Amino acid sequence: MSLHLYDTWTRSLREFTPLKAGEVGLYTCGPTVYNYAHIGNLRTYLFEDGLTRVLRLNGYQVNHVMNITDVGHLVSDADEGEDKMEAGSRRTGQTAWTIAALYTDAFRADLKALNIVEPTTWCKATDHIAEQISFIQEIEKKGYTYKTSDGVYFDTSKQSSYGYLGRLDIEGLQGGARVDLGEKRNATDYALWKFSAPEEKRQMEWDSPWGRGFPGWHIECSAMAHKYLGEYFDIHCGGEDHITVHHTNEISQTEAAYGTRLSNYWMHGYFLLTNDAKMSKSAGEFLRVQLLIDKGYDPISYRYLCLTAHYRSQLNFSWEALDAAQTALGRLRQNVFSLGEGAAKPNAEYVAKFMEKLNDDLNFPQALALAYELLKSDLPAAEKKATLIKFDEGFGFGLASWVPKEVEVPANVRAVADARWAARNAKDWAEADRLRGELAALGWAMKDGKDAYTLSKL
RNA sequence: GGCGGGUUAGCAAAGAGGUUAUGCAGCGGAUUGCAAAUCCGUUUAGAACGGUUCGAUUCCGUUACCCGCCUCCA
């Protein structure tokens with residue numbers, strides 16, 4: 001089966017056909033670096049990583065561009081309110097530029113911990129102010145802009161196609177608008193450029209043909225996607241929340257400036273929920289990869305958990321589910337390791353089935369089930385191993401390089417264990433059991449093997 | 001208020017109009033001095049009501065409940 005992907009634009013599964021043979025232009029909306037990423041944010045990057053892996057498994061060369069939003073969007077209230085970067089700066093007492101660098105590094109560390117392949121091109125919003133300004137000028141030239149006292153806005157009423165991606169009901173939106181329009185002409189109009197307030201000294205502001213200020217929050221993606229991938233490229237991804245506003249406006253801008261809908265396919269990852277509610281940064285506490293590590297989890301266990309659910313359905317996070325994933329991953333790794341070192345080729349039939357699952361809109365849950373079917377099959381060990389390592393190009397668990405962890409055993413623990421091993425071999429069961437209890441008190445479990453024992457931490 | 005999605009066994013989560021999802025947990029057995037690990041086997045399903053059908057958890061309708069977006073957001 002050839003690759004089929006769900007396209008939000010058509011709300012249907014479409015066969016994937018690249019615009020240029022053998023190549024894929026992919027733009028994925030990146031983080032706003034005013035705070036750490038939480039594991040809900042990272043679910044979307046895991047979905048996109050799965051996508052790039054599947055594209056590569058299909059033989060495509062993927063030109064993957066991701067932005068770093070290091071200029072503040074606005075905290076709330078449709079183009080009103082304070083700037084997130086400036087707010088983060090005030091919170092931490094560091095410059096906006098410093099915290100942008102800090103959280104960018106933290107984000108990349110998270111990607112690494114989850115074994116997410118980095119994009120081929122990173123681009124920072126603040127490095128592309130000129131591109132954003134000229135993009136706005138292009139829109140202005142086409143007659144879609146108007147100026148208010150606080151910025152330059154896009155007049156969505158001049159664009160009959162506006163809101164198609166989100167299937168927006170413009171009339172309904174006007175009626176149910178939750179915020180004041182201010183000087184905006186329509187509820188769906190959005191800022192292209194915002195002016196710095198006269199009394200305000202911003203850390204991040206630039207001169208523009210319209211006045212000193214900063215870019216609106218959708219223009220960077222349109223401008224950078226245009227610069228690195230052209231007027232029309234293959235796939236654009238983001239979280240489900242981007243459908244109705246951010247991506248709708250990216251399309252709007254690009255359509256005004258260049259007459260395309262920016263990307264041929266639009267794909268969206270769905271949210272991670274906790275306690276059946278969306279995980280959010282504004283709701284205070286949120287789960288970071290570092291917290292998982294601190295609690296003794298391997299971040300790859302979280303990756304495993306995400307792969308057990310389809311990217312297009314919401315996933316309810318719980319520690320119980322993460323425990324299950326960690327156990328399953330541990331066994332899978334041990335299983336693959338135990339298959340030995342023999343050389344073999346991947347089993348063509350299983351690989352074909354595997355590709356069929358992944359090519360069906362990235363069905364990782366079924367692909368994972370197939371891995372277990374393969375493990376239970378009666379194929380030769382070496383062939384199983386080669387096949388699973390092939391599968392892992394999609395999973396990204398790092399199965400090929402995994403080896404059981406060598407644990408450092410303190411000398412006193414080793415001494416007790418040796419004593420128990422001697423007692424056991426002397427069939428002194430009472431003493432052996434007593435010493436096992438002693439080990440447990442020290443926090444160690446002892447497993448008897450045929451010719452030797454192994455120790456593991458409790 | 002407008003738009004969209006969901007409800008599957010103890011937990012998480014898939015596909016399929018009729019034939020084992022899968023993982024974790026549980027249970028039984030093998031194995032073990034006892035364990036652990038492993039292996040083999042196995043019990044729990046598809047919100048409620050109605051319709052279509054030889055047959056529906058799967059398609060259609062109604063109801064209930066849950067969630068997301070519409071506001072910064074993955």
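Worth saying up front: this structure is predicted, and the values here are computed from it rather than measured. Residue numbering restarts at 1 for every chain, and letters A, B, ... go by the order of the sequence lines.
Base orientation for B:G46: syn, the chi torsion being within 90° of 0.
Other residues, nucleotides and ligands contribute only 12 or fewer heavy atoms inside 6.0 Å of the CD atom of A:Glu341. The number of heavy-atom neighbours closer than 6.0 Å to NZ of A:Lys353, taken from other residues, nucleotides and ligands shown, is above 12. Around atom CD of A:Glu393, more than 12 heavy atoms belonging to other residues, nucleotides or ligands sit under 6.0 Å away.
Nucleotides B:C27 and B:A9, compared at atom C1', are 15 Å apart to the nearest Å. Across B:A16 and B:C3, the matching C1' atoms stand 30 Å from one another, rounded to whole Å. For the P atom pair drawn from B:U42 and B:G33, the interatomic distance equals 28 Å after rounding to whole Å. A gap of 27 Å separates the C1' atoms of B:U53 and B:A64, to the nearest Å. Taking the C1' atoms as reference points, B:C24 lies 11 Å from B:A13, given to the whole Å. Going from the P atom of B:G28 to that of B:C67 covers 39 Å, rounded to whole Å. Atom name P, nucleotides B:G10 and B:G29: the rounded distance is 23 Å, in whole Å. Between the C1' atoms of B:A36 and B:G68, the separation comes to 45 Å (whole Å).
Taking atom CG of A:Asp448 as the reference point, atom P of B:C34 lies 11 Å away to the nearest angstrom. Computed from coordinates, the A:Tyr372 OH to B:G23 P distance equals 7 Å when rounded to whole Å. As a whole-Å value, the separation of A:Leu375 CG from B:C39 C1' is 13 Å. The distance between atom CG of A:Leu362 and atom P of B:A14, rounded to the nearest whole Å, is 13 Å. Nucleotide B:G23 holds its P atom 22 Å from the OH atom of A:Tyr302, rounded to whole Å. For A:Gln326 and B:A12, the CD to C1' distance is 15 Å, given to the nearest whole Å. One interatomic measurement links the two molecules: CG of A:Asn41 to P of B:A74, which rounds to 5 Å at whole-angstrom precision. Distance A:Tyr162 OH to B:C3 P: 18 Å, rounded to the nearest Å.
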Please write out the pairs of protein N or O atoms and N or O atoms of nucleotides 5-9 of chain B separated by less than 3.5 Å, giving the distance to one decimal.
none

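Side chain of A:Asn316, nearest nucleotide from B:A12, B:C24, B:A74: B:A12. Comparing atom distances between the A:Ala369 side chain and each of B:U22, B:G33, B:A74 picks out B:U22 as nearest. Considering only side-chain atoms of A:Thr327, the nucleotide from B:A12, B:A74, B:C24 that sits closest is B:C24. The nucleotide whose nearest atom lies closest to any side-chain atom of A:Gln366 is, among B:G15, B:C34, B:G68, B:G15. Looking at the side chain of A:Arg436, the nearest of the listed nucleotides B:A35, B:A12, B:G23 is B:A35. For A:Tyr45, whose side chain is taken as the heavy atoms from C-beta onward, the closest listed nucleotide among B:G33, B:A74, B:C39 is B:A74. In the set B:G33, B:C39, B:A14, B:A14 carries the atom at the smallest distance from any side-chain atom of A:Asn363. Comparing B:C69, B:A74, B:G33 by their nearest atom to the side chain of A:Thr244 picks out B:C69. With B:G33, B:A12, B:C11 as the choices, the nucleotide that has an atom nearest any side-chain atom of A:Glu320 turns out to be B:C11.
In terms of heavy-atom proximity, A:Gly396 sits nearest to A:Asn115 at O-ND2, 2.7 Å. Closest of all the heavy-atom pairs between A:Leu388 and A:Leu399 is O-CD1, 4.3 Å.
Checked options A:His247, A:His218, A:His268; the residue passing with A:His242 is A:His247 (criterion: ring-ring contact (aromatic ring centres under 6.0 Å, His included)).
Taking side-chain N and O atoms only, A:Arg331 has a distance below 4.0 Å to OP1 or OP2 of B:U38. Between A:Lys376 and B:G23, a side-chain N or O to OP1/OP2 separation shorter than 4.0 Å is present. Between A:Thr454 and B:A37 there is no side-chain polar atom (N or O) within less than 4.0 angstrom of OP1 or OP2.
For the pair A:Ala325 and A:Ser313, both in contact range of RNA chain B, the more 5′-proximal nearest nucleotide belongs to A:Ser313. Mapped onto RNA chain B by nearest heavy atom, A:Leu370 and A:Ala321 fall at different nucleotides, with A:Ala321 at the one closer to the 5' end.
Taking 4.0 Å as the cut-off between side-chain N and carboxylate O, A:Asp49 and A:Arg53 count as a salt-bridged pair. Comment: A:Glu431 engages A:Arg434 in a salt bridge, judged by a side-chain N to carboxylate O separation of less than 4.0 angstrom.
Below 30°, between 30° and 60°, or above 60°: for A:Phe395 and A:Phe391 the angle between ring planes is above 60°, a perpendicular geometry. Taking the six-membered ring for Trp and thresholds of 30 and 60 degrees, A:Trp266 and A:His236 have nearly parallel ring planes, at less than 30 degrees apart.
Aromatic ring centroids of A:Tyr228 and A:His128 lie under 6.0 Å apart. The ring of A:Tyr103 has its center closer than 6.0 angstrom to the ring center of A:Tyr36. Aromatic ring centres of A:Trp319 and A:Tyr297: separated by under 6.0 Å.
The base of B:G33 is paired with the side chain of A:Asp433 by a donor and an acceptor separated by under 3.5 Å. With hydrogens and angles ignored, no donor-acceptor pair closer than 3.5 Å exists between the side chain of A:Asp241 and the base of B:C72.
Consecutive Watson-Crick or G-U pairing (both distances under 3.5 Å) extending over three or more pairs maps onto RNA chain B as B:1-7 with B:64-70, B:10-12 with B:22-24, B:26-30 with B:38-42, B:47-51 with B:59-63.
Across all strands, A:His268 comes closer than 4.0 Å to no nucleic acid atom at all (heavy-atom distances).
Contacts of residues 105-117 of chain A with RNA chain B (heavy atom under 4.0 Å): none.
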